[in-house]
Asks: 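Mind having a look at this structure? Questions to follow.
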2 protein chains.
Amino acid sequence: MDEQVPRDFETLRATILDRRESLPKRIAQIAAYALDNPDDIAFGTAASIAASAGVQPSTLIRFAQQLGFDGFTSLQQVFRERLRERNSSYDERLQALRAKAEGGAGHRAIFDGFVAAASTSLNDISRTLDDAHLEEAISLLAKAQTIYVLAKRRSYPVATYIAYALGKLKIRNQLIESAAGLNAEMVSFATPADAVIAISFSPYAPATIEEARTISEQGVPIVAITDSSFSPLAQFARVWFEVAEADFAGFRSLSATMALAMALTVGVGEKRRDAGRKRKA
Amino acid sequence: MDEQVPRDFETLRATILDRRESLPKRIAQIAAYALDNPDDIAFGTAASIAASAGVQPSTLIRFAQQLGFDGFTSLQQVFRERLRERNSSYDERLQALRAKAEGGAGHRAIFDGFVAAASTSLNDISRTLDDAHLEEAISLLAKAQTIYVLAKRRSYPVATYIAYALGKLKIRNQLIESAAGLNAEMVSFATPADAVIAISFSPYAPATIEEARTISEQGVPIVAITDSSFSPLAQFARVWFEVAEADFAGFRSLSATMALAMALTVGVGEKRRDAGRKRKA
DNA sequence: TATGGATTGGAATTATTATTTCATATTGCC
DNA sequence: GGCAATATGAAATAATAATTCCAATCCATA
């Protein structure tokens with residue numbers, strides 16, 4: 001027997017799809033039903049499932065045996081496992097996390113709180129992000145000679161990640177950081193042929209705002225990621241994104257901002273590659 | 001009969017919580033088990049569940065009857081229904097995102113991909129994080145005079161965030177960065193009374209590994225965040241976390257690492273505050 | 001501490017459900 | 001078209017699981 005019994009749903013699914021052609025009519029019927037209504041298989045009885053699928057219970061068992069199981073029951077296990085593993089619904093999970101984080105003692109509660117905050121933020125941004133803005137921002141950045149990245153304090157990690165990613169994609173970029181106090185000079189090098197990604201959240205770091213103002217006065221287009229339309233960054237920006245990050249224990253999540261930052265970065269990379277290809281052709 | 005049979009899980013849950021006080025001992029035992037292990041109720045048999053909960057099957061049935069069901073089977077229906085429903089939202093959403101990200105054109109697809117990767121990572125870490133490791137790491141870091149933070153390249157954003165958060169919490173820390181090429185000196189200042197948070201993922205930055213080695217040879221305890229037990233960081237570390245980040249378009253998410261990093265940071269903050277309070281009292 | 005009612009444990013009973021079996025039908029092949 | 005192999009249907013059977021019942025125990029109260 002080289003019969004390998006599929007232990008998890010994905011393998012099982014693949015096996016079924018693989019053999020689909022060679023299965024007898026009624027067995028194929030059950031196979032299709034199983035893949036279309038996995039929940040019914042998980043919960044139903046052999047008789048009820050067979051009835052829904054329009055076959056005899058014995059056929060159902062034969063189907064299971066063909067797949068290498070020793071009966072319907074062990075086939076059903078796989079379908080049940082699948083439901084088990086898919087963790088609770090998003091909201092339930094989040095609620096549970098929040099409950100643990102709020103009520104709970106210990107450090108696990110803190111961790112859960114941050115995970116919940118991050119999940120919520122991702123959820124929100126996925127709902128609210130404006131596709132048109134994204135396109136616009138990417139076009140703008142793709143045309144830039146050098147992309148300047150401007151962020152302090154809480155937003156700084158995002159800036160360093162953007163810089164890292166742009167670097168890996170071989171896109172010229174300059175992180176505006178203050179180690180040597182030469183920010184003003186760095187900023188002054190930017191021209192309208194360049195572009196800026198500026199990130200700042202309330203309370204806005206004064207230095208970020210100042211530098212954004214200066215650089216926008218030089219005619220350099222700015223893509224801003226910030227948290228409200230009242231943000232001082234918004235007024236200097238050519239395109240701006242409103243990202244609402246949930247917070248926990250006084251620290252805001254960064255995951256939504258990170259996801260957006262990565263999308264911008266990789267988006268620019270793709271756009272440039274496409275443009276390059278077109279130019280050559 | 002004013003007995004209202006709870007038809008959905010939430011109502012059932014509320015009912016149970018409501019009556020908790022007035023339930024007899026064994027029934028209460030089953031009630032607690034049911035709320036803690038709803039999946040087991042959904043899939044198990046009366047006998048298996050009763051055994052897990054440490055009661056007799058008959059008690060399980062009495063529990064169901066007290067709630068107005070006519071037997072275990074109808075109680076179980078509610079738990080199954082819950083699984084069916086919950087299963088749809090979260091996973092479907094993620095799958096939809098992935099599908100869009102994979103199949104889809106345009107830049108929205110890229111964004112969706114990063115959101116999906118981040119969600120998956122958060123999901124995973126929330127399932128796999130070991131509470132004991134977390135406690136251990138926090139105790140270790142809370143005792144440190146100075147917390148050194150060590151990470152390069154892709155992990156660097158996490159390090160900067162940790163440094164920012166530690167700073168805000170007024171916890172002495174030192175980010176080991178190479179601007180002036182003085183890393184070796186910085187590292188040499190660390191003593192066994194300090195501690196290190198080191199973060200590195202495959203392909204491990206050689207500098208991170210080297211510095212981690214040196215610093216651990218000086219007897220400084222290391223808390224590592226890395227991606228597998230084969231990681232060179234793991235061998236130097238007193239405590240280490242395995243974090244599996246999903247990736248998209250060649251860039252790994254950072255959200256799980258970030259959540260863990262924040263939990264460590266804030267955890268240390270809390271632990272110190274508690275210790276301080278105790279000392280005064 | 002004695003007594004009644006409520007609760008529990010455990011085995012007996014009943015029901016439900018999976019599986020097997022066998023007769024019948026269908027299909028592919030010579 | 002006939003034969004064998006395969007597939008299918010339907011009912012009988014075996015297994016498993018839910019439920020019931022009754023004796024034992026616990027608990028509150030007088």
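Proteins come first, then strands; the chains are lettered A, B, ... in the order of their sequence lines, and each starts at number 1.
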Asks: Rounded to the nearest Å, what distance is computed from the CD1 atom of residue I30(B) to the P atom of nucleotide dA18(D)?
Replies: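 Result: 12 Å.
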
Asks: Run the side chain to side chain donor-acceptor pair (under 3.5 Å) check on R26(B) and Q29(B) step by step: do they pass?
Replies: CA-CA 5 Å; R26(B) 295 260 109 118; Q29(B) 194 173 325; 3.0 Å; yes

Asks: What is the distance from CG of L75(A) to C1' of dT19(C), rounded to the nearest Å?
Replies: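 That distance rounds to 14 Å.
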
Asks: Just how far, in rounded Å, is C1' of dC21(D) from CD1 of I61(B)?
Replies: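 Rounded to the whole Å, the gap is 12 Å.
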
Asks: Of the nucleotides dT20(D), dA18(C), dT19(D), which one has an atom closest to the side chain of T73(A)?
Replies: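 Closest nucleotide to the T73(A) side chain: dA18(C).
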
Asks: What's I27(A) touching, base or sugar-phosphate or nothing? Going by heavy atoms closer than 4.0 Å.
Replies: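 Sugar-phosphate contact only - I27(A) comes under 4.0 Å of backbone atoms but never of a base.
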
Asks: For dA10(D) and Q56(A) - does any side-chain N or O of the residue sit under 4.0 Å from the phosphate oxygens OP1/OP2?
Replies: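 Answer is yes, contact under 4.0 Å.
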
Asks: For the pair made of CZ in R26(A) and P in dT26(C), what is the distance, rounded to whole Å?
Replies: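 One finds 10 Å between P of dT26(C) and CZ of R26(A), rounded.
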
Asks: Taking CD from Q66(B) and C1' from dT7(C), how many angstroms apart are they, rounded to a whole number?
Replies: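 From Q66(B) CD to dT7(C) C1': 10 Å.
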
Asks: What about the rings of F63(A) and F72(A), do their centers lie closer together than 6.0 Å?
Replies: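 So the answer is no for these two rings.
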
Asks: Of P24(A) and S58(B), whose closest DNA chain D nucleotide lies nearer the 5' terminus?
Replies: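 Checking each residue's closest nucleotide, the 5'-ward one belongs to P24(A).
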
Asks: Quick check for you: among dT19(C), dT8(C), dT20(C), whose closest atom lies nearest to any side-chain atom of R62(B)?
Replies: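 The answer is dT8(C), which lies nearest to the side chain.
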
Asks: Identify, between F72(A) and L23(B), the residue whose nearest nucleotide on DNA chain C lies closer to the 5' end.
Replies: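 Result: L23(B).
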
Asks: Without decimals, in angstroms, what is the distance between Q76(A) CD and dA18(C) C1'?
Replies: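 Rounded to whole Å, this separation is 10 Å.
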
Asks: Any salt bridge between R82(B) and D39(B), counting N to O under 4.0 Å?
Replies: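 So R82(B) pairs with D39(B) through a salt bridge.
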
Asks: Can you tell whether the side chains of R127(B) and D124(B) come within less than 4.0 Å, N to carboxylate O?
Replies: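 Judged by the 4.0 Å cut-off on N to carboxylate O distance, R127(B) and D124(B) do form a salt bridge.
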
Asks: Given atom CZ of F63(B) and atom P of dT8(C), what is their separation to the nearest angstrom?
Replies: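 Distance check: F63(B) CZ to dT8(C) P gives 13 Å.
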
Asks: What's the closest nucleotide to the side chain of T59(B) if the choices are dA18(C), dA18(D), dG9(C)?
Replies: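 Closest nucleotide to the T59(B) side chain: dG9(C).
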
Asks: In terms of side-chain heavy atoms, does E245(A) have a donor or acceptor partner in T257(A) at a distance below 3.5 Å?
Replies: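 Present: a donor and an acceptor within the cut-off.
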
Asks: Please report the distance, rounded to the nearest Å, between NZ in K25(B) and C1' in dG9(C).
Replies: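 For the pair K25(B) NZ and dG9(C) C1', the rounded distance is 12 Å.
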
